[in-house]
Trainee: 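Could you have a look at this structure, given as structure tokens, before my questions?
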Amino acid sequence: MPTYKAVQGTRDILPDSAPAWRLVEETVRAVCERYGYQRIETPIFEETGVYARGVGEGTDIVEKEMYTFKDRGGTALTLEPEGTAGVVRAYLEHGMHTQPQPVKLYYLRTPIFRYERPQKGRYREHHQFGCEALGEGDPALDAEMIALLWEVYQRLGARNIVIQLNSIGDQNCRPQYIERLVEYYTPLKDDLCDDCKVRIVKNPLRLLDCKEPQDQPKIAGAPKSADFLCEPCATHFAAVRGYLDALALPFSINPLLVRGLDYYTRTVFELAPEQGGRRQSAIGGGGRYDGLAELLGGKPTPGIGFGSGMERAVELLREQGIDIPAPAQPQVFIAALGAAAKAAAMTLAHDLRGADLRVQIAFGERSLKAQMKAANGSGARYAVLIGSGELASGAYAVRDLAAPADAPDTMKQQDIPRTELVAWLAEHIG
Ligand code: HAM
């Protein structure tokens, strides 16, 4: 028989990491709601054009990383390689421009698929939470967006997170900057890595994102986008910085920060933990995308957002030793001997759960000793024991599993009539 494993670059989220996932999810939900964001979830696949046009043909994501396939009807579909294009498609499709602007949306635990080289923190399926605010170009919204992402990580208790910020201009000023960048790189062309030789023709901004050691000195000396901003972009960038200063957020300008998706205009930002002066891989990033709605066939609609990797958030909590609330344990464990007692255990469990208690019963045909061992290991406060004697008398034995060893027997165990048992346990546990 074949045996199967999870596909390379994908991971099971097992129960032992569930409390950390839950903490991240609950924190994101609470912070987003405080900032007035509403939940949206879009399908995990879209027509390929949504991403090919939205994210951009010259990007790594579209060129090398998308999971694209034809469905049985022959439609070209792609598994969501990022969250923004689908949200903008939904905004346009549902006429959300008629609502008060900006429309502020968040998504949570959205599966994202990229055919990347798997390594720590880089998976072929990962999950993101993210926010998108559409229909408003106000730089205050940019600052609020960054503050929101920052607050999520503060509330989680993360330390040493740095915010990097840049502006990459818009369709008016970016062409001049790109021209200057190409001019700068052209004499260095023969000495570039193979990918950069392609980037200089196809997507020059991405030259600044190269990770090859040989190209780092060239990146350091490259012209900076912020020096080429037109007047409106420069004013916008200054306002974003002003609001971030007012909020006392610890950001620094990284004049070489560009992002891996083509839709960005003006503000771009990333959050990453820093360790020993070295910046780790980003836990979140985003920016403004004022031209994206038009690329997807809509009217010009400004937008800004971020996405943040949930696996990376969970990993960060672990690495930084952050306290994670323990998973809820059962409050009552029911042990039963014999078929009639098992039936009584089932109905008691049903009634107790109806009273909002967390209850487990012992399954299988085990000895009382084995069942009590399971009860003690379960973390429950009380064990209820049902045997033929209890069934005959109508009162069940209730054992306090937290009673000290030297407590009198009457404190450790007592018989409670079945008719009063649900109320008794609810009161003693509540
Ligand atoms: P991104 O920078 O490609 O942006 O991804 C956002 C975050 O997702 C990253 O900062 C990282 O934490 C996480 N991430 C990305 N790739 C992987 C991977 N292979 N494995 C694990 N985690 C990963 C976007 O996707 C944009 N849609 C963000 C955005 C929203 N911009 C505007 N609105």
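Keep in mind that this is a model prediction, so the values were computed, not measured.
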Trainee: May I ask you to decide if Gln280's main-chain N or O and Gln275's side chain share a donor-acceptor pair within less than 3.5 Å?
Mentor: no
Trainee: Would you sort out whether Val28 and Met310 count as a side-chain contact (heavy atoms from CB on, under 4.5 Å), showing the intermediate values?
Mentor: CA-CA 10 Å; Val28 171; Met310 297 188 68; 5.6 Å; no
Trainee: Heavy-atom count check: over 12 atoms from other residues, nucleotides or ligands less than 6.0 Å from Asp16 CG?
Mentor: yes
Trainee: Between Phe237 and Arg266, is there a cation-pi geometry (under 6.0 Å to ring centre, at most 45° from the normal)?
Mentor: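 Not satisfied by the 6.0 Å and 45° rule.
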Trainee: Backbone N or O of Val398 within a donor-acceptor pair of the Gln414 side chain at under 3.5 Å?
Mentor: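 Side chain of Gln414 to backbone of Val398: no pair is present.
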Trainee: Minimum heavy-atom separation for Cys210 to Gln216, with atom names?
Mentor: O-NE2, 3.0 Å
Trainee: Can you tell me if CZ on Arg22 sees more than 12 non-hydrogen neighbours from other groups inside 6.0 Å?
Mentor: no
Trainee: Taking all heavy atoms of Ala85 and all of Leu296, pick out the closest pair and write down the distance.
Mentor: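 Of all heavy-atom pairs spanning Ala85 and Leu296, the closest is O-CD1, 3.6 Å.
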Trainee: So, Glu47 and Thr75: side-chain donor and acceptor under 3.5 Å apart, yes or no?
Mentor: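 Absent: no donor and acceptor within the cut-off.
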Trainee: Given side-chain hydrogen bond (donor to acceptor under 3.5 Å, both in side chains), test Thr265 with Gln171 step by step and report yes or no.
Mentor: CA-CA 8 Å; Thr265 50; Gln171 75 281 7; over 6 Å; no
Trainee: Distance-only, no hydrogens or angles: does the Arg199 side chain make a donor-acceptor pair with backbone N or O of Pro204 under 3.5 Å?
Mentor: no
Trainee: Any chance NZ of Lys373 has more than 12 other-residue heavy atoms, nucleotides or ligands included, within less than 6.0 Å?
Mentor: no
Trainee: Please report the interatomic distance CE(Met346) to CD1(Ile361), rounded to the nearest 0.5 Å.
Mentor: 5.0 Å
Trainee: When you measure from the side chain of Thr27 to the backbone of Leu156, do you find a donor-acceptor pair of N or O atoms at a distance under 3.5 Å?
Mentor: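 The answer is no, because no donor-acceptor pair under 3.5 Å joins these two groups.
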Trainee: Is there a side-chain contact (heavy atoms from CB on, under 4.5 Å) between Val384 and Leu425 once you walk through the steps?
Mentor: CA-CA 10 Å; Val384 178; Leu425 283 167; 4.1 Å; yes
Trainee: Could you walk me through whether Tyr289 and Thr84 pass the side-chain hydrogen bond (donor to acceptor under 3.5 Å, both in side chains) test, one step at a time?
Mentor: CA-CA 9 Å; Tyr289 45 83; Thr84 312; 5.5 Å; no
Trainee: Please indicate whether Gln38 has more than 12 foreign heavy atoms, meaning atoms of other residues, nucleotides or ligands, lying under 6.0 Å from its CD.
Mentor: no
Trainee: Under 3.5 Å, is there a donor-acceptor pair between the side chain of Glu136 and the main chain of Asp138?
Mentor: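 Yes, the answer is positive, given that a donor and an acceptor are paired below the 3.5 Å cut-off.
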Trainee: Which of these, Glu311, Arg109, Glu25, sits in a side-chain hydrogen bond (donor to acceptor under 3.5 Å, both in side chains) with His127?
Mentor: Glu311
Trainee: Output, in order, the C-alpha distance, side-chain angles, deciding distance and verdict of side-chain contact (heavy atoms from CB on, under 4.5 Å) for Val87 and Leu134.
Mentor: CA-CA 10 Å; Val87 170; Leu134 288 135; 4.2 Å; yes
Trainee: Working to the nearest 0.5 Å, report the span between CG of Asp215 and CG of Leu208.
Mentor: 11.0 Å
Trainee: Using only heavy-atom distances, determine whether the side chains of Ser308 and Tyr153 contain a donor-acceptor pair under 3.5 Å.
Mentor: yes
Trainee: Return the minimal non-hydrogen interatomic distance between Val50 and Gly86, and the atom names on each side.
Mentor: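 It is CG1-N, 4.3 Å.
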Trainee: Between Tyr396 and Trp424, does the ring centroid distance fall short of 6.0 Å?
Mentor: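 No - the distance between ring centres of Tyr396 and Trp424 does not fall below the 6.0 Å cut-off.
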Trainee: Answer whether the closest heavy-atom distance between the side chains of Met66 and Ile61 falls below 4.5 Å.
Mentor: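 Side-chain contact under 4.5 Å: yes.
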Trainee: Salt-bridge test for Arg418 and Asp351: reply yes if a basic N is under 4.0 Å from a carboxylate O, no otherwise.
Mentor: yes
Trainee: Less than 4.5 Å apart, any side-chain heavy atom of Arg117 and any of Arg122?
Mentor: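 Not touching, per the 4.5 Å side-chain cut-off.
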Trainee: Quick one: pull up CG in Leu141 and CZ in Arg288 and give me the separation to the nearest 0.5 Å.
Mentor: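 Spacing of CG (Leu141) from CZ (Arg288) equals 6.0 Å.
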Trainee: Using modelled atom types only, decide if a donor and an acceptor are shared between the side chain of Lys412 and the backbone of Ala403 within a distance under 3.5 Å.
Mentor: no
Trainee: Once rounded to the nearest 0.5 Å, what's the spacing between atom NE2 of His428 and atom CG of Leu357?
Mentor: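 Interatomic distance, His428 NE2 to Leu357 CG, rounded to 0.5 Å: 12.5 Å.
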Trainee: Check this for me: Tyr37, atom OH, are more than 12 non-hydrogen atoms of other residues, nucleotides or ligands nearer than 6.0 Å?
Mentor: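 Atom OH in Tyr37 is packed in, count exceeds 12.
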Trainee: What is the minimum heavy-atom distance between Phe333 and Ala374, and which atoms define it?
Mentor: CZ-CB, 3.8 Å
Trainee: At what distance, to the nearest 0.5 angstrom, does CZ of Phe269 lie from CG of Leu149?
Mentor: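 Going from the CZ atom of Phe269 to the CG atom of Leu149 covers 6.5 Å.
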Trainee: Between the main-chain N or O of Leu317 and the side-chain N or O of Glu319, is there a donor-acceptor pair closer than 3.5 Å?
Mentor: no
Trainee: Got Ser167 and Thr267 here, is their nearest side-chain heavy-atom distance under 4.5 Å?
Mentor: no
Trainee: Evaluate the side-chain contact (heavy atoms from CB on, under 4.5 Å) criterion for residues Lys104 and Glu144: first the C-alpha distance (whole Å), next the side-chain angles of each, then the deciding distance (0.1 Å), finally the verdict.
Mentor: CA-CA 11 Å; Lys104 295 160 83 175; Glu144 187 187 76; 3.1 Å; yes
Trainee: Can you give me the closest heavy-atom contact between Gly303 and Asp290, atom names plus distance?
Mentor: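 Result for this residue pair: N-OD1, 3.2 Å.
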Trainee: Are Glu315 and Lys120 packed together at the side-chain level, in the sense that at least one heavy-atom pair is separated by less than 4.5 angstrom?
Mentor: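 Answer yes - side chains close enough.
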Trainee: So among Tyr106, Tyr107, Tyr91, which one has a side-chain hydrogen bond (donor to acceptor under 3.5 Å, both in side chains) with Glu132?
Mentor: Tyr107
Trainee: Identify the two heavy atoms, one from Met96 and one from Ala90, that lie closest to each other, and give their separation to 0.1 Å.
Mentor: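 The answer is CE-O, 3.8 Å.
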Trainee: Taking side chain as C-beta onward, heavy atoms only, is Leu79 less than 4.5 Å from Phe69?
Mentor: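 Leu79 vs Phe69: side chains touch.
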Trainee: So with a 6.0 Å cut-off around CZ of Arg358, is the heavy-atom count from everything else above 12?
Mentor: yes
Trainee: If you define the side chain from C-beta out and look only at heavy atoms, does anything of Ile161 sit under 4.5 Å from Leu316?
Mentor: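 A side-chain contact under 4.5 Å exists here.
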Trainee: A side-chain contact here means heavy atoms from C-beta on lying under 4.5 Å apart; do Glu270 and Arg279 qualify?
Mentor: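 Yes - at least one pair of side-chain heavy atoms lies under 4.5 Å apart.
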Trainee: Taking OH in Tyr67 as the centre, count heavy atoms belonging to other residues, nucleotides or ligands within less than 6.0 Å. Is the count above 12?
Mentor: yes
Trainee: More than 12 heavy atoms of other residues, nucleotides or ligands under 6.0 Å from CZ of Arg366: yes or no?
Mentor: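 At most 12 heavy atoms, drawn from other residues, nucleotides or ligands, come within 6.0 Å of this atom.
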Trainee: How many angstroms lie between atom SG of Cys32 and atom CZ of Arg34, to the nearest 0.5 angstrom?
Mentor: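 Rounded to the nearest 0.5 Å, the SG-CZ separation comes to 10.0 Å.
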Trainee: Sub-3.5 Å donor-acceptor pair from the side chain of Arg312 to the main-chain atoms of Gly121, do we have one?
Mentor: yes
Trainee: Tell me yes or no: between the side chains of Gln413 and Arg399, is some donor less than 3.5 Å from an acceptor?
Mentor: yes
Trainee: With a 4.5 Å cut-off on side-chain heavy atoms, are Thr301 and His97 touching?
Mentor: no
Trainee: Report yes or no: does Lys64 contribute a side-chain atom to a donor-acceptor pair with the main-chain N or O of Tyr115 at less than 3.5 Å?
Mentor: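 Flag not set: sc Lys64 to bb Tyr115 has no pair under 3.5 Å.
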